[in-house]
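This report refers to the structure that appears directly beneath it.
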Amino acid sequence: MDRLLHPADSDAGDQPISLSRRGLLGGSIGALTLAVGLRPVAAVAQAAATPLAAASAPAGPPFNPFTALLQIRSDSTAFLQVPVIEGGQGIFTGLAQVCGEELDLDPAHFVVQCAEPGPGIAALGTRLSTGGSSSMWRNFMPMRRMGATSRAMLMQAAAVRFEVPVDSLSTSDGKVIHAASGRHADYGDLAGEAAELPVPVDVPLRSADSFRWIGKSVPRIDMQDKSTGKVVYSIDLTIDGMLQAAVQHASRLGMQPVRLLNEAAVRQMPGVHSVHLLSGCVAVVADRWWRAHRAVQSLRAEWKEATGDTPRPMPADFSTEQLRQDMLAAPGPGFLAEAAGDAAAAMGRAAKTLEAVYDAPFLAHAQLEPPSAIASWDAARGRLELWMSNQASLLFRDAAAKFAGIAPENVTLHSPMVGGFFGRYFFYDESNPYLQAIALAKAVGRPVKVIWSREEEFLRDALRPAVLVRFKAGLDAQGMPLALESESVSDGLYARMYGAAYDKFDPTVVEGIAKKVYAIPNRRIAHVMHRYPPMIGAWRSVGHSFNDFFMESFTDEMADAGGIDPFELRRRMVARSPRHATLLEAVGDLSGGWRRGPFTAEDGSRRARGVAMASPFGTEMATIAEVSIAEGQVKVHHVWVAVDPGRAINPAIIEAQMNSAVALGLSSALFEEVVYERGMPRARNYDGYPILTPDRMPEVHVRIVESGAPMTGVGEPGVPGVPPAVINAVAALTGQRVRRLPLARASLGGSV
Amino acid sequence: MEITVNGAVRIVDAEPDTPLLWVLRDNLGLTGTKYGCGLAQCGACTVLVQGLPVRSCVTPVESVAGLPVTTIETVEQDDVGRRIVEAWVAHQVPQCGYCQSGQVMAATALLKQVAAPSDSDIAAAMTNLCRCGTYNAIAAAIRNVAQG
C-alpha cells in the first residue's frame with residue numbers, strides 16, 4: 001500500500017522506484033537520472049516508510065525554516081507550506097496544530113498552503129503526495145521539529161536584541177518574553193532577525209503532557225472561508241490574460257480526432273478564440289468557459305480508431321456485464337499472495353466447507369469539483385506555470401516538464417485546495433486536463449484554463465477497479481474456521497498506475513483478505529490477474545474498500561455455517577490480539593451491547609445489526625450498522641464506529657472523517673456502479689450515477705480508541721467496514737446474503 | 001443585459017440563455033457559487049432569486065432580469081444568512097467545502113421561509129449533494145439556528 005501511493009516520489013530514498021518511474025516516463029532512464037541529479041543534495045532527509053519508522057526516525061539534515069517553509073508575518077500570523085493538499089480531510093489544521101504546538105503559536109493564527117515542488121519543501125524530508133492516510137504520521141515529527149527549531153531561532157533573535165541570555169526567555173503564543181525585565185517582542189517583529197541566525201540542531205521537543213493543541217479538538221482553520229464561498233479552488237482561479245477552454249473527448253479512449261467537420265461555423269460562435277485538435281480530444285478556447293463549452297459541444301469531428309501502439313484502447317464492444325462473465329470464468333490458481341499452514345490439506349479434513357463468489361463494480365470518484373487546470377507558458381524563457389488539482393505534485397511536475405520539453409525546475413506547479421478527491425488526483429494517464437491546458441497555452445500564447453464538464457469527467461475518471469473473489473472455507477467440528485482460500489480476479493492497480501510488471505500479485509487486490517488479523521491457521525490467498533480496458537485508480541481506502549466487504553461478509557457466512565454468532569466468532573478470532581479485542585468490545589459497547597436481531601425497534605420496524613472489522617492503512621476499525629427494510633429498500637438507521645489510529649491529533653476531525661467515510665461507504669454499498677455498454681459509460685452525470693443523498697444518511701456514533709500503537713491516519717480507514725456491516729445486517733434481517741454490490745441490484749422482499 | 005446581483009445593477013455581456021451560474025462566475029467574478037453538474041442534480045450552484053433557492057446552472061440569465069439575485073458573497077449581510085454561517089462554523093460543517101456555498105444558500109432560503117423548520121421541513125429543503133457526507137452536521141447546524 002505504501003508503495004502504491006508514493007512509488008515515484010523522487011525524494012523517497014526507501015522505495016524501489018526506478019522501474020515504476022521508467023514506466024511512467026515512457027522508458028526514459030535519462031529523465032530519471034536528470035531528476036535525481038537536480039535534487040537539492042544538501043538537505044534531503046530519508047522519508048520514513050512506515051508509521052513505526054516515522055515515529056522513531058532521526059531528524060534529517062538541519063534547514064532554515066524561515067527560508068524554506070515558514071513565514072512569520074508582521075502581525076505574527078504564520079504562513080506555513082506543507083507537502084500535502086487539503087481536500088476536506090482537515091490536514092492543514094492538523095499540521096498547524098503540530099507545528100504551532102512547538103512554535104508556541106495558536107493554530108488559529110496559521111495560514112497553510114500546499115508547497116510547490118522545489119528545494120524548500122524537499123528540506124522537510126517527507127513526501128510530496130497526499131494519500132494512504134499518511135499525511136499526519138509522515139509529517140508529525142518533521143513539523144514538530146520545524147516548529148521547535150523556529151521557536152529556538154526566534155528566542156535567539158530576542159536574546160540578541162534584548163542582550164540577555166537565551167535561557168532567561170520564554171514564549172507565549174506568538175511572543176518572546178523576558179520575564180525579569182517585563183520586555184517582550186512579537187514573533188512577527190523578530191522573524192527577520194531570526195532568519196539570519198545559524199540553524200540550531202537537536203532542539204528539544206515539548207513533552208506530551210504539556211501539549212495545548214495536539215490531541216485537542218481544535219477548530220479547523222478553514223471553516224469561515226468554506227462557509228462563505230471564499231476558498232479559491234483550482235476551478236475558481238483567474239490568471240491575467242487567461243482564456244478558457246472546454247473539451248470533447250473521444251467517446252472511447254485511444255480514438256483520435258482526424259479532422260473537424262464544422263470548424264468555420266464554430267469559430268463564428270460568440271466568444272470563440274480558436275478550435276483545436278488535441279490528443280484524444282477536440283477543444284475550443286474562448287473568452288469565457290460557457291462559450292467554450294457550448295462551442296465544443298457543437299463541434300463535429302471525424303475520429304479514427306486507436307492504432308496498434310495505443311497502450312490500452314477501449315474496445316467498441318466492451319461491456320462490464322461481459323467483463324463480469326469473463327472474470328467469473330477466469331481460471332485460477334493465480335499469483336500467491338499469502339500462504340500459511342496447508343490450506344488444501346486442512347480443507348480435506350474440515351468438518352464442513354463452504355464456498356461463495358463475491359464481486360464489486362467499477363466506481364467513480366464523483367467528487368463535486370470537476371477537474372481543471374491552468375497553464376501559463378512563457379515561450380521566451382522556456383518556463384511553465386501550472387495550477388491544478390492534484391495529490392502528487394512532483395509526478396505531475398515532472399510529466400508536465402517532459403511534455404513541454406523543458407527541465408523540471410522550469411515548471412512551477414501550484415496545488416490549490418481541492419473540492420474533494422478520494423483518490424481522484426493521483427497520476428493517471430489521460431485522466432487529468434493539465435496536458436490539454438499546456439498544449440492550448442502553447443498554441444494560443446496566452447494562459448488557458450481547461451475545465452472538464454461533469455460529462456467529460458464521467459468519461460475520463462480513473463475508476464475503482466472491478467474485482468471478483470472466489471472464497472472457500474473449511475470449518476472444524478466446533479464451527480471455527482480452519483482454512484481459508486481465496487482467488488481475487490482483477491487487473492493490477494500497480495501495473496496500471498505505475499507500470500509494474502504483471503508477473504506477481506498486486507497488494508491492493510488482496511489487502512484486507514491477506515494479512516487479516518483473524519486466527520485462521522491455514523490460508524491460501526491469491527490474485528488471478530485479469531486485464532481490462534477501463535482506466536483504474538485509487539478510490540478512498542483502495543483495495544480495502546472492496547476486500548473488507550468480501551472478507552467480512554464471508555466471515556459472517558462462516559459464522560452462520562459454523563453456528564456461531566458473528567460477533568462471537570470475531571471475538572474468538574481476535575482473542576490473541578488485545579488491540580483488536582479491545583476495539584471490538586468498544587464498538588459493541590458503543591452500540592449499547594451487541595445484538596444481532598432481528599428485533600422490533602421503538603417505531604415498530606423490524607431491524608437487525610451487522611458487524612465488521614477492518615485494518616486499513618494500519619488504523620484499526622470496528623463497525624456496526626443497524627438496518628430495516630421498507631418497500632424493498634434498505635434503510636440504515638445507525639452506524640457505530642470504533643476507530644483506533646494509535647493516537648488522536650484532533651478528535652473532532654477524526655469524528656468528521658468517520659462521518660464522511662460512513663457516507664461514502666454507504667453510498668457505494670447502496671447505489672454506486674459504473675456500467676459500460678458498447679465501450680461507453682452509461683452514466684455521464686449524477687442523474688445516472690446516484691450518490692448518497694441527505695435523506696439516506698444514518699446517525700453516526702464514533703468512539704476513538706487510542707491504543708498507543710504508532711500513529712496512523714483517519715481519512716480512508718472509516719470506509720471499508722461500512723458496506724459489510726450493512727450487508728451483514730441485511731442478511732441477519734432477511735436471510736438473504738448479498739454478494740454483489742451495489743444493493744440496488746438486489747431484489748429484497750418488502751417490509752420484513 | 002442588466003441583472004441585479006447582491007443589490008447592485010450589473011450590465012453583462014452574455015447570450016440570453018447563458019446559465020446564471022456562468023455569468024456570476026465568469027462575467028462578474030463571483031466564484032463562490034460553484035459548478036458541479038450543470039444539470040440541477042447537485043445544488044452546488046444554489047443562489048437566491050427573490051429569496052428563493054434556485055439552481056443557477058440551469059437558470060438562463062435572461063430569466064432573472066429585474067429580479068434580485070443573492071449569492072454566497074453577501075449572504076452574511078442578511079441576518080438569517082449570518083446566523084447560518086455562524087452555525088456552519090460552530091458545527092464545523094464543511095469538509096472539502098466545495099458544495100457548502102450551495103448548502104448555506106439553501107439553508108438560508110429555508111429559514112427565511114420557515115423560521116422553525118421541522119426535521120421533515122429540513123429534509124425536504126436540503127437536497128443538495130455532499131460527497132464528503134456532511135449531511136448530519138448540516139442538519140444539526142440548521143436545527144441550532146432554528147432553535148435560536
Side-chain angles (χ1 to χ4, degrees), chain A residues 86-90 219-220 222-233 235-236 238 244 270 287-291 293-294 365-370 417-422 451 453-455 652-653 656-657 659-664 666-667 685-687 691-695 697 699-700, chain B residues 13-15 17-19 21-23 25-27 29-39 41-42 44 71-73 75-76 84-105 122-124 126-139:
Chain A
E86 172 65 61
Q89 78 277 43
R220 273 174 282 158
D222 49 10
M223 289 297 95
Q224 179 71 27
D225 285 351
K226 283 182 171 175
S227 301
T228 53
K230 291 192 183 71
V231 167
V232 177
Y233 302 88
I235 199 171
D236 300 325
T238 296
Q244 301 208 52
D287 56 348
R288 293 198 283 275
W289 188 78
W290 180 256
R291 286 171 160 175
H293 175 63
R294 174 160 293 180
H365 291 92
Q367 78 293 341
L368 261 285
E369 182 192 7
M417 193 91 81
V418 295
F421 59 116
F422 320 114
I451 300 173
S453 69
R454 179 58 60 188
E455 289 76 14
I653 289 178
Q657 283 306 294
N659 266 267
S660 175
V662 166
L664 198 72
L666 184 56
S667 189
N685 209 313
Y686 294 110
D687 55 347
I691 65 172
L692 195 80
T693 47
D695 57 314
M697 184 74 191
E699 288 187 46
V700 180
Chain B
D13 163 31
E15 289 67 66
D17 60 350
T18 304
L21 169 68
W22 293 103
V23 173
R25 290 180 57 84
D26 278 356
N27 293 64
L30 298 171
T31 55
T33 304
K34 302 305 184 195
Y35 167 59
C37 69
L39 274 187
Q41 294 286 311
C42 74
T71 70
I72 188 71
E73 279 81 2
V75 73
E76 289 176 288
I84 289 287
V85 169
E86 287 170 1
W88 245 242
V89 175
H91 285 264
Q92 300 275 292
V93 170
Q95 290 191 21
C96 87
Y98 194 77
C99 74
Q100 297 297 340
S101 296
Q103 304 280 7
V104 165
M105 299 312 285
I122 295 172
M126 299 302 294
T127 58
N128 289 2
L129 298 177
C130 172
R131 190 58 160 164
C132 302
T134 64
Y135 298 133
N136 290 342
I138 287 172

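Per chain, numbering begins at 1; letters A, B, ... match sequence-line order.
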message: Quick check on A:Q224 against chain B: is it the side chain, the backbone, both or neither that has a heavy atom closer than 4.5 Å?
response: both
message: Any carboxylate oxygen within less than 4.0 angstrom of a Lys/Arg side-chain nitrogen, looking at B:E15 and A:R291?
response: yes
- request: With a 4.5 Å cut-off on heavy-atom pairs, point out which of A:T238, A:N659, A:I691 contacts chain B the most.
  value: A:I691
field: Portion of B:T18 that has a non-hydrogen atom of chain A nearer than 4.5 angstrom
entry: both
query: Looking only at heavy atoms, which two atoms of A:M417 and A:D222 are closest? And how far apart?
result: CE-OD2, 4.2 Å
query: Do you see a donor-acceptor pair shorter than 3.5 Å between the side chains of B:N136 and A:E699?
result: no
query: Can you say whether A:L692 sits under 4.5 Å from chain B via the side chain, the backbone, both, or neither, judging by heavy atoms?
result: both
Region of A:V232 that comes under 4.5 Å of a non-hydrogen atom in chain B: neither
Most contacts with chain B, counted as non-hydrogen pairs under 4.5 angstrom, among A:A663, A:G420, A:A366: A:A366
- line: Max heavy-atom pairs within cutoff under 4.5 Å with chain B, candidates A:A652, A:P370, A:A661, A:S667, goes to A:P370
message: Out of B:Q103, B:K34, B:M105, return the one with the most heavy atom pairs under 4.5 angstrom to chain A.
response: B:K34
B:Q92, part contacting chain A, at a heavy-atom distance under 4.5 Å: both
message: Would you call the rings of A:H293 and A:W289 parallel, tilted or perpendicular, taking 30° and 60° as the class edges?
response: parallel
- prompt: Of the backbone (N, CA, C, O) and the side chain (C-beta and beyond), which part of A:N685 lies under 4.5 Å from a heavy atom of chain B, both, or neither?
  reply: side chain
message: Between A:S453 and chain B, with a heavy-atom cut-off of 4.5 Å, which part of the residue counts as in contact: side chain, backbone, both or neither?
response: both
message: Taking every non-hydrogen pair under 4.5 Å, which of B:C96, B:C130, B:G29 racks up the most with chain A?
response: B:C96
- prompt: What residue, out of B:I84, B:D17, B:L30, B:T71, has the most heavy-atom pairs lying under 4.5 Å from chain A?
  reply: B:D17
task: Sort B:Q95 into side chain, backbone, both or neither according to what part of it lies under 4.5 angstrom from a heavy atom of chain A.
output: both
message: At a heavy-atom distance under 4.5 Å, which candidate from B:C132, B:A123, B:A137, B:G32 has the highest pair count against chain A?
response: B:C132
message: Shorter than 4.5 Å, heavy atoms on both sides: which option in A:I653, A:D695, A:I235 has the most such pairs with chain B?
response: A:I235
field: Engaged part of B:V93 at the chain A interface, taking heavy atoms whose separation is under 4.5 Å
entry: backbone
query: Under 3.5 Å, side chain of A:D236 to main-chain N/O of A:Y233, donor-acceptor pair present?
result: yes
- prompt: For A:Q244 and A:D287, does a side-chain donor sit closer than 3.5 Å to a side-chain acceptor?
  reply: no
field: Donor-acceptor side-chain pairing of A:R454 and A:Y686 below 3.5 angstrom
entry: yes
query: Is a donor on one side and an acceptor on the other found under 3.5 Å between the side chain of B:R25 and the backbone of B:T31?
result: yes
task: Verify whether one side chain among B:E86 and A:S227 offers a donor that lies under 3.5 Å from an acceptor in the other.
output: no
message: For chain A, which candidate among B:L21, B:V85, B:T33, B:V104 shows the most heavy-atom pairs at distances under 4.5 Å?
response: B:V85
message: Check this for me: does any side-chain nitrogen of one of B:D13 and A:R288 sit under 4.0 Å from a carboxylate oxygen of the other?
response: yes
message: Quick check on B:N27 against chain A: is it the side chain, the backbone, both or neither that has a heavy atom closer than 4.5 Å?
response: both
field: Sequence-distant partners of A:F421, ring-ring contact (aromatic ring centres under 6.0 Å, His included), two or more places apart
entry: none
task: Could you have a look at B:S101, B:C42, B:C37 and say which one has the most heavy-atom pairs with chain A under 4.5 angstrom?
output: B:C37
query: Is it true that A:R220 and A:D225 make a salt bridge, defined as a side-chain N closer than 4.0 Å to a carboxylate O?
result: no
